[in-house]
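Reviewing the structure listed below.
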Amino acid sequence: MPSKDRYHRTYPVSWDQLHRDSRALSWRLLDMGRKWERIVAVVRGGLVPAAVIARELDIHFVDTVCISSYTIRDQGEMSVLKKLEGGGRNWLIIDDLVDTGKTARMVRQMLPEAHFATVYSKPDGRPLVDTFVTEVSQDTWILFPWDSEVQFVEPLVQNRHEE
Ligand SMILES: O=P(O)(O)OC[C@H]1O[C@H](OP(=O)(O)OP(=O)(O)O)[C@H](O)[C@@H]1O
């Protein structure tokens, strides 16, 4: 569960919406007219949009950087499990989200020339991203489809009676 003091709203994303938003990001990257040479997916969240974008842009060279944060949602210490170095301006780094910007900062240090693109962004991390599709507020928890399942919810009127 998200920590209550940091997140005040939830933005649920379905597989269908994530697919559409990843395709929208593909359009933006295609419209830039650059000859993208390879994709670098930021594991794990970047893997799904990277697969969609690789298909849309017909890129077959997909690599990864692997970064793990020790705490699930408080984004504490981070550990680089697999890194890349160098890269060029036609390398495309893909992540699902930029939140505080900690991950993006770390990846940008490895690949300073590469183009950083995310599907979603929040204000604190936005300056670190070159291209994104949708921005949500800093206090929003984006609920990704791999972190959730469909389940019953009480009717709205039920909650009203309990207030
Ligand atoms: O801007 P930040 O505050 O660094 O947050 C963004 C990062 O957080 C998420 O990864 P997470 O750490 O949850 O790891 P995971 O993708 O392996 O689940 C997401 O996929 C980004 O990589």
Side-chain angles (χ1 to χ4, degrees), residues 1-29 36 38-57 59 61-87 89 91-151:
M1 290 293 290
S3 75
K4 284 207 165 49
D5 46 346
R6 191 172 160 200
Y7 299 101
H8 299 110
R9 0 169 173 230
T10 304
Y11 182 79
V13 176
S14 66
W15 285 110
D16 187 52
Q17 186 179 345
L18 186 73
H19 190 191
R20 268 186 280 126
D21 289 344
S22 298
R23 291 190 82 200
L25 181 55
S26 304
W27 271 117
R28 287 185 192 187
L29 295 167
W36 303 113
R38 74 174 69 179
I39 284 176
V40 177
V42 182
V43 173
R44 297 167 303 188
L47 286 168
V48 173
V52 175
I53 291 161
R55 189 265 179 183
E56 298 302 335
L57 302 189
I59 296 172
F61 198 142
V62 180
D63 210 334
T64 57
V65 293
C66 304
I67 296 175
S68 168
S69 51
Y70 292 124
T71 55
I72 288 186
R73 210 152 292 286
D74 291 334
Q75 299 281 300
E77 289 300 305
M78 300 177 96
S79 158
V80 179
L81 307 174
K82 175 178 177 283
K83 66 178 175 180
L84 294 173
E85 281 173 350
R89 62 183 300 274
W91 285 28
L92 198 48
I93 305 165
I94 301 293
D95 208 347
D96 54 347
L97 162 73
V98 64
D99 187 332
T100 65
K102 278 186 187 174
T103 306
R105 201 167 285 115
M106 204 168 263
V107 177
R108 274 200 172 285
Q109 279 173 5
M110 294 177 206
L111 305 169
E113 298 289 315
H115 189 92
F116 203 113
T118 63
V119 185
Y120 305 106
S121 99
K122 297 187 189 180
D124 287 355
R126 190 180 52 186
L128 291 149
V129 179
D130 296 308
T131 307
F132 66 92
V133 175
T134 299
E135 180 170 345
V136 301
S137 65
Q138 200 66 40
D139 66 349
T140 296
W141 180 38
I142 300 179
L143 182 55
F144 286 104
W146 50 82
D147 284 333
S148 59
E149 62 179 359
V150 176
Q151 61 174 312

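Numbers here are sequence positions counted from 1. Counting convention: from 1, in listed order, for ligands and their atoms alike. Only heavy atoms go into these numbers, but all of them, side chains included; no hydrogens, no water, no symmetry mates.
- Open room surrounds CH2 on Trp27; 12 or fewer heavy atoms of other groups in view lie less than 6.0 Å from it.
- Of the N or O atoms in Gly101, one or more lie within a sub-3.5 Å distance of an N or O in ligand 1.
- Residue Asp95 approaches ligand 1 through these ligand atoms, each under 4.0 Å from one of its heavy atoms: 20 (O), 21 (C), 22 (O).
- Within the 3.5 Å criterion, the main-chain N or O of Phe132 finds a donor-acceptor partner in the side chain of Arg28.
- Between Ile53 and the choices Val119, Val62, Ile39, the side chain to side chain contact (heavy atoms under 4.5 Å, CB included) rule is met once, by Ile39.
- Taking CE of Met106 as the start and OG of Ser69 as the end, the distance is 10.0 Å to the nearest 0.5 Å.
- Here's the thing with Gly45: one of its N/O atoms is less than 3.5 angstrom from an N/O atom of ligand 1.
- Remark: ligand 1 atoms within the under-4.0 Å shell around heavy atoms of Asp96 are 19 (C), 20 (O), 21 (C).
- At least one heavy atom of Ser69 sits less than 4.0 Å from an atom of ligand 1.
- The proximity of Thr100 to ligand 1, defined as any non-hydrogen pair under 4.0 Å, involves the side chain as well as the backbone.
- Using bins of under 30°, 30° to 60° and over 60° for the plane-to-plane angle, the ring pair Tyr11/Tyr120 lands in the perpendicular bin.
- The distance from atom CD1 of Ile59 to atom CH2 of Trp91, rounded to the nearest 0.5 Å, is 12.5 Å.
- Short contacts between ligand 1 and Leu97, defined as distances under 4.0 Å to a heavy atom of the residue, involve ligand atoms 6 (C), 21 (C).
- Within the 4.0 Å heavy-atom criterion, both parts of Thr103, backbone and side chain, lie near ligand 1.
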